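First up is the structure itself, then whatever we jot down about it.
Note that these values count all heavy atoms, side chains included, but never hydrogens, waters or copies made by symmetry. Please read these numbers as outputs of a predicted model, since none were measured by experiment.
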Amino acid sequence: MKNKPIVFLFSGQGSQYYTMGMDLYASNISFRRHMDSLDKIARDVIGYSPLQLIDVENKQLYEPFTDVPSSSVAIYLIERALTRCLIDYEIEASIHVASSMGIYAAATAAGCMDEAEALNIVFEQGKIFRDTCEPGKMIAVLADPALFQHIPGLQDISDLAGINFDNAFVISATSSNLPALNQLLKSFSLTYQEIQAERPFHSRWILPAKQKLDLLSSQLSDKQPRIPLICCSSQNPIESFNSSSIWNAVRQPIMFRDTILQLEKTGPHCYIDVGPSATMATLLKYALPANSASESHVILSPLKQSSTKLHQLLRAANKVHHANQYHNI
């Protein structure tokens, strides 16, 4: 990590799951303190405990957790608690890179909002999408993104929602178009998987939400991030966080590959995935140039072992003297 700028990676919808972060919550005093603090703010803002929802009994790890308002708040809670925990260990980012709804946790960490403002807009935005947009799915396809332009009929029933790396792209479609879309993808023998999201984000089908979302986000102060904040929908640092940058983050395609390649032009980086499921770190393995000297770190994932992963990161950052400071012994 020495002499490499630290980049925090913030994931959005699709990275959530029940019990996410709970192993670190049980083992790390700092993370637990920040989760509890944020959960208290969330209870005051939205009227219930996201933490209790995440750690709900009788829910399996891979059971669908797709309600947009509650899952969005849960992702925000995890990402903010983890970034605050890392700061306790003197690990701070030089750059924030956000995918889709991860923009809120990234922007708050960059000083553009306070926690209550962010939690309110994350929750209310989720309700707007749920109440105004058709149900649908985002689908990850393991193939050359150029195929989206060349498969007849694909553009009629889906939109390009993102390009993850050279051999992976994402499409969005409404539920009514899914049967035809599945048939079309199978006819070309493509490998694909549905992402855990119940609306077709980053597509024409979320346009009905724009007016209400613009009105909601207009209440925010127009602020310049205190550190570079990059949205994967634009690849360039956001000069001012406002309703336009919010709409761009959820409507335009997530160009993760291009965002990483743009960063790599300036030299190697140390990427730390602060999302709940290591989604962006996994994509990073395939998006980085073959000769890159960058490194990647994961803390939370469905495989647990988060305390071990955090200690590995602290050792890499020469923060060994902090390693047990917030660990339950």
Inset, instruction - Assess the side chains of Gln125 and Tyr104: does a donor N or O sit below 3.5 Å from an acceptor N or O? - result: yes
Inset, instruction - Indicate, with yes or no, if Val250 and Ile230 share a hydrophobic cluster defined by side-chain heavy-atom contacts under 4.5 Å among Ile, Leu, Val, Met, Phe, Trp and Tyr. - result: no
Legend entry - pair His96-Val7: side-chain heavy atoms closer than 4.5 Å: no
Inset, instruction - Assess whether atom CD of Gln211 is packed by more than 12 heavy atoms of other residues, nucleotides or ligands within 6.0 Å. - result: no
Inset, instruction - Report the C-alpha separation of Glu194 and Lys137 in whole Å, then their side-chain angles, then the decisive distance to 0.1 Å, and conclude whether the side chain to side chain contact (heavy atoms under 4.5 Å, CB included) test is met. - result: CA-CA 7 Å; Glu194 289 186 355; Lys137 289 290 183 182; 3.6 Å; yes
Can you give the donor-acceptor pairs under 3.5 Å from side chains of residues 260-268 to other protein atoms, not counting sequence neighbours?
from, atom 1, to, atom 2, distance (Å)
Glu264, OE1, Ser292, OG, 2.7
Glu264, OE1, Ser294, OG, 3.3
Glu264, OE2, Tyr271, OH, 2.7
Glu264, OE2, Ser294, OG, 2.7
Thr266, OG1, Leu263, O, 2.7

Inset, instruction - Output yes when a side-chain donor or acceptor of Ser99 lies under 3.5 Å from a complementary backbone atom of Gly12, and no otherwise. - result: no
Inset, instruction - For Lys212, look at atom NZ and say whether over 12 heavy atoms of other residues, nucleotides or ligands are found less than 6.0 Å away. - result: no
Legend entry - Distance-minimising heavy-atom pair for Ile238 and Phe241: CG2-N, 3.9 Å
Legend entry - Exercise: do Tyr76 and Thr108 side chains pair donor with acceptor under 3.5 Å: yes
Legend entry - salt_bridge(Lys210, Asp214) N-O dist < 4.0 Å: yes
Inset, instruction - Working to the nearest 0.5 Å, report the span between CZ of Phe165 and NZ of Lys285. - result: 11.0 Å
Inset, instruction - Mind telling me whether Tyr25 and Phe31 have parallel, tilted or perpendicular rings, with 30° and 60° as the class edges? - result: perpendicular
Legend entry - Spacing of Leu184 atom CG and Leu190 atom CG [to the nearest 0.5 Å]: 8.0 Å
Legend entry - Donor + acceptor pair across side chains of Asp39, Tyr48 (<3.5 Å): no
Inset, instruction - Using a 4.5 Å cut-off on heavy atoms from C-beta on, say whether the side chain of Gln196 contacts that of Gln16. - result: yes
Inset, instruction - Determine yes or no for a side-chain-to-main-chain donor-acceptor pair under 3.5 angstrom, with Asp159 supplying the side chain and Arg204 the backbone. - result: yes
Inset, instruction - State whether the side chain of Asn242 and the backbone N or O of Ser244 hold a donor-acceptor pair below 3.5 Å, judged by distance alone. - result: yes
Inset, instruction - Apply side chain to side chain donor-acceptor pair (under 3.5 Å) to Asp88 and Ser30, showing your working. - result: CA-CA 7 Å; Asp88 283 344; Ser30 171; 2.5 Å; yes
Legend entry - Over all atoms of both residues, closest heavy-atom pair of Ala317 and Ile91: CB-CD1, 4.1 Å
Legend entry - Flag, side chain of Gln149 to backbone of Ala146, donor-acceptor distance under 3.5 Å: no
Inset, instruction - Check whether any side-chain heavy atom of His297 sits under 4.5 Å from a side-chain heavy atom of Gln312, and report yes or no. - result: no
Legend entry - Ion pair Asp36/Lys40, N-O distance below 4.0 Å: no
Inset, instruction - State, without any angle test, whether Ser301 and Lys309 hold a side-chain donor-acceptor pair at a distance under 3.5 Å. - result: no
Legend entry - Exam field: side chain Ser158 to backbone Gln155, donor-acceptor pair closer than 3.5 Å: no
Legend entry - Exam field: side chain Arg199 to backbone Val68, donor-acceptor pair closer than 3.5 Å: no
